[in-house]
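Below is one structure, written out as structure tokens; comments come after it.
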Amino acid sequence: MHDLVRLYAMERGELDFSPEALDTALRRLIDFYLHTAGTADHLLRPHRHLIELGPPADCGPQPLEDSTAALAWFDAEHPCLLAAQRLTMEKGWNTPAWQLAWAMDTFHYLRGLLDDHLSVWRDGFDAAEKLGQPLARSLSHWRLGHAHAFAGQSGEARHYLLRALSLFEMADDAVGQAHTHDSLGWVWSELGDHQRALDHAERALDLQRSLRDPVWEANALNAVAWYHAQLSQYAQAHGHCEEALTLFRRHGDRHGEAATLDSLGYIAHHSGNHDQALDHYRKALTIRRETGNAHQEADTLVRLGDTHHALGRDIEARHAWQQAVEKYRAQGRSEEAQRVRLQLNALDAETV
């Protein structure tokens with residue numbers, strides 16, 4: 001909108017409407033963004049558990065045909081979504097404040113928007129605490145902990161995740177417990193304690209199997225496989241991956257399929273089967289690009305480069321690592337970018 005048009009609209013709104021009428025209009029606007037974001041989030045991750053948003057206030061969400069349209073809408077409207085959540089915090093509208101954080105969660109992860117992800121969950125957490133509803137509080141503890149883990153802040157992540165686990169246990173919420181164990185496994189793995197990570201992942205797997213949710217069971221299977229691989233237990237890792245891949249493909253979860261292919265690539269690489277690793281990584285990379293998962297695309301590019309390097313294909317390795325560095329920098333992941341930059345420098349030194 002042109003600045004002059006915006007200014008005119010603001011002035012007319014202040015002159016022509018009462019504060020109550022303006023608040024009613026703003027609530028319609030917030031509900032439009034919240035319900036469209038909720039629809040878009042479900043299109044991006046159809047197997048993600050839904051939260052109850054309630055009926056929108058005299059408005060309907062924008063129609064979105066598929067995940068491609070959902071991602072395009074998020075890309076275009078992201079600044080407005082952030083502004084919408086800031087407005088809910090200013091107005092003290094706590095329910096849509098934490099629900100907007102939930103609705104933006106998948107998009108932030110796929111695009112690697114670490115700072116925004118953490119910021120909206122800090123606000124979402126505060127809103128949920130003020131609201132006082134048990135489920136909102138439990139979910140917000142879990143997702144804020146996950147956001148801290150996403151940003152590499154393991155101490156803060158453990159604080160919120162352990163509290164989330166306690167809240168889910170008090171509520172006898174097995175779904176929440178399973179997801180929180182999964183997040184805790186990731187945190188411990190990032191800290192280098194892969195055995196403790198495996199313990200949490202196996203607990204998550206037990207819970208998911210009892211819940212009979214095949215997609216989330218597959219997610220837990222892949223996590224268990226990954227931590228077995230980190231412990232150099234490749235046979236166990238491979239078996240869990242194959243089981244996970246079958247479930248993901250059967251139920252059409254492409255994000256999970258890509259994650260498992262990436263795990264299989266890692267297992268093959270570290271087992272000395274580099275050609276097989278390349279095949280898995282390339283398939284994972286294709287899916288991650290098709291689904292807009294820039295965050296994990298960068299990670300797969302690094303491992304693809306590692307495998308090319310192991311095969312003596314330095315040109316291909318350099319190309320993959322350079323792409324990874326560019327994506328890490330675009331996502332503000334400076335530590336990862338520097339680590340791969342050092343790999344590139346070492347490769348340059350080898351070829352001198």
Side-chain angles (χ1 to χ4, degrees), residues 108-118 147-157 185-194 197 222 225-234 237 258-352:
H108 284 158
Y109 180 76
L110 293 178
R111 290 305 199 216
L113 300 171
L114 282 71
D115 292 340
D116 289 332
H117 188 55
L118 185 55
H148 277 296
F150 193 43
Q153 300 169 3
S154 300
E156 295 90 337
W186 178 30
V187 171
W188 283 113
S189 181
E190 290 296 301
L191 290 169
D193 192 337
H194 303 301
N222 185 48
W226 181 256
Y227 303 135
H228 271 303
Q230 301 307 302
L231 293 165
S232 302
Q233 299 166 355
Y234 300 120
T260 308
L261 286 166
D262 184 90
S263 297
L264 284 167
Y266 182 91
I267 295 164
H269 172 80
H270 286 274
S271 300
N273 300 319
H274 300 305
D275 288 330
Q276 188 179 75
L278 286 178
D279 181 59
H280 289 312
Y281 284 141
R282 285 167 175 158
K283 289 176 180 176
L285 200 57
T286 296
I287 295 173
R288 284 177 165 166
R289 286 171 172 165
E290 289 174 354
T291 55
N293 191 342
H295 178 75
Q296 291 186 311
E297 179 187 346
D299 299 333
T300 300
L301 281 165
V302 174
R303 290 191 272 273
L304 179 66
D306 293 344
T307 303
H308 278 304
H309 183 54
L311 288 166
R313 300 172 181 174
D314 291 345
I315 294 174
E316 291 88 344
R318 180 179 287 104
H319 181 61
W321 288 340
Q322 286 172 338
Q323 290 182 78
V325 168
E326 291 170 6
K327 291 191 174 295
Y328 282 145
R329 286 175 175 167
Q331 296 168 24
R333 300 165 70 183
S334 56
E335 291 185 11
E336 289 98 329
Q338 179 60 22
R339 185 176 67 246
V340 182
R341 185 74 254 174
L342 291 173
Q343 289 180 267
L344 284 164
N345 291 343
L347 183 61
D348 291 339
E350 291 174 11
T351 57
V352 171

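These numbers come from a predicted model, not from an experiment. Heads up: numbering here begins at 1 and tracks the sequence.
Annotation for Ala324 and Ala298: closest pair CB-O, 3.7 Å, computed over non-hydrogen atoms. Shortest non-hydrogen contact noted between Ala310 and His269 is CB-CE1, 3.9 Å. Closest approach of Ile267 to Ala237, counting heavy atoms only: CD1-CB, 3.6 Å. Shortest non-hydrogen contact noted between Thr260 and Asn222 is CA-OD1, 3.5 Å. The shortest heavy-atom contact between Ala277 and Gly265 is CB-O, 3.3 Å. In terms of heavy-atom proximity, Gly185 sits nearest to Ala197 at O-CB, 3.1 Å.
Salt-bridge annotation for Glu336 and Arg333: present, with a side-chain N of the basic residue lying under 4.0 Å from a carboxylate O of the acidic one. Here Asp279 pairs with Lys283 in a salt bridge; the nearest charged N to carboxylate O distance falls below 4.0 Å.
Contact of the Gln343 side chain with the Asp306 side chain is registered, since non-hydrogen atoms from C-beta on lie closer than 4.5 Å. Counting heavy atoms from C-beta outward, Arg303 and Asp299 have side chains that approach closer than 4.5 Å. Counting heavy atoms from C-beta outward, Leu114 and Leu118 have side chains that stay 4.5 Å or more apart. For the pair Arg111 and His295, the minimum side-chain heavy-atom distance is 4.5 Å or more. Side-chain contact between Leu278 and Leu311 is present, with at least one heavy-atom pair separated by less than 4.5 Å. A 4.5 Å side-chain heavy-atom check between Arg329 and Arg341 finds at least one atom pair inside the cut-off. Contact of the His308 side chain with the Ile315 side chain is not registered, since no non-hydrogen atoms from C-beta on lie closer than 4.5 Å.
Interatomic distance, CZ of Arg288 versus CG of Leu110, reported as 10.5 Å (0.5 Å rounding). How far OG1 of Thr307 is from CD of Glu316: 12.0 Å, rounded to the nearest 0.5 Å. Here NE2 of His309 is found 6.0 Å from CG of Leu347. Values are rounded to the nearest 0.5 Å. Summarising the geometry, atom CG belonging to Asn345 is positioned 11.0 Å from atom CH2 belonging to Trp321; distances are rounded to the nearest 0.5 Å. To the nearest 0.5 angstrom, Thr300 atom OG1 is 12.0 Å from Gln323 atom CD. Distance check: Trp226 CH2 to His194 NE2 gives 9.5 Å after rounding to the nearest 0.5 Å.
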For a ring pair (Phe, Tyr, Trp, His ring centres under 6.0 Å) check, start with the C-alpha distance between His108 and Phe150, then their side-chain angles and the critical distance, and finish with the verdict. CA-CA 10 Å; His108 284 158; Phe150 193 43; 8.9 Å; no
Please determine whether side chain to side chain contact (heavy atoms under 4.5 Å, CB included) holds for the pair Asp348 and Arg318, giving the CA-CA distance in whole Å, both sets of side-chain angles, and the decisive distance to 0.1 Å. CA-CA 9 Å; Asp348 291 339; Arg318 180 179 287 104; 2.9 Å; yes
Give the C-alpha distance, both sets of side-chain angles, the deciding distance and a yes or no for side chain to side chain contact (heavy atoms under 4.5 Å, CB included) between Tyr328 and Gln338. CA-CA 9 Å; Tyr328 282 145; Gln338 179 60 22; over 6 Å; no
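Although no hydrogens or angles enter the test, the distance criterion places a donor-acceptor pair under 3.5 Å between the side chain of Gln331 and the main chain of Ala294. Side-chain atoms of Tyr227 do not come within 3.5 Å of backbone N or O of Asp193 as any donor-acceptor pair.
Neither side chain, His280 nor Asp262, offers a donor N or O lying under 3.5 Å from an acceptor on the other.
More than 12 non-hydrogen atoms from other residues, nucleotides or ligands lie less than 6.0 angstrom from NE2 of His270.
Proximity of the aromatic rings of His117 and Tyr109 is defined here by a centroid distance below 6.0 angstrom, and this criterion is not met.
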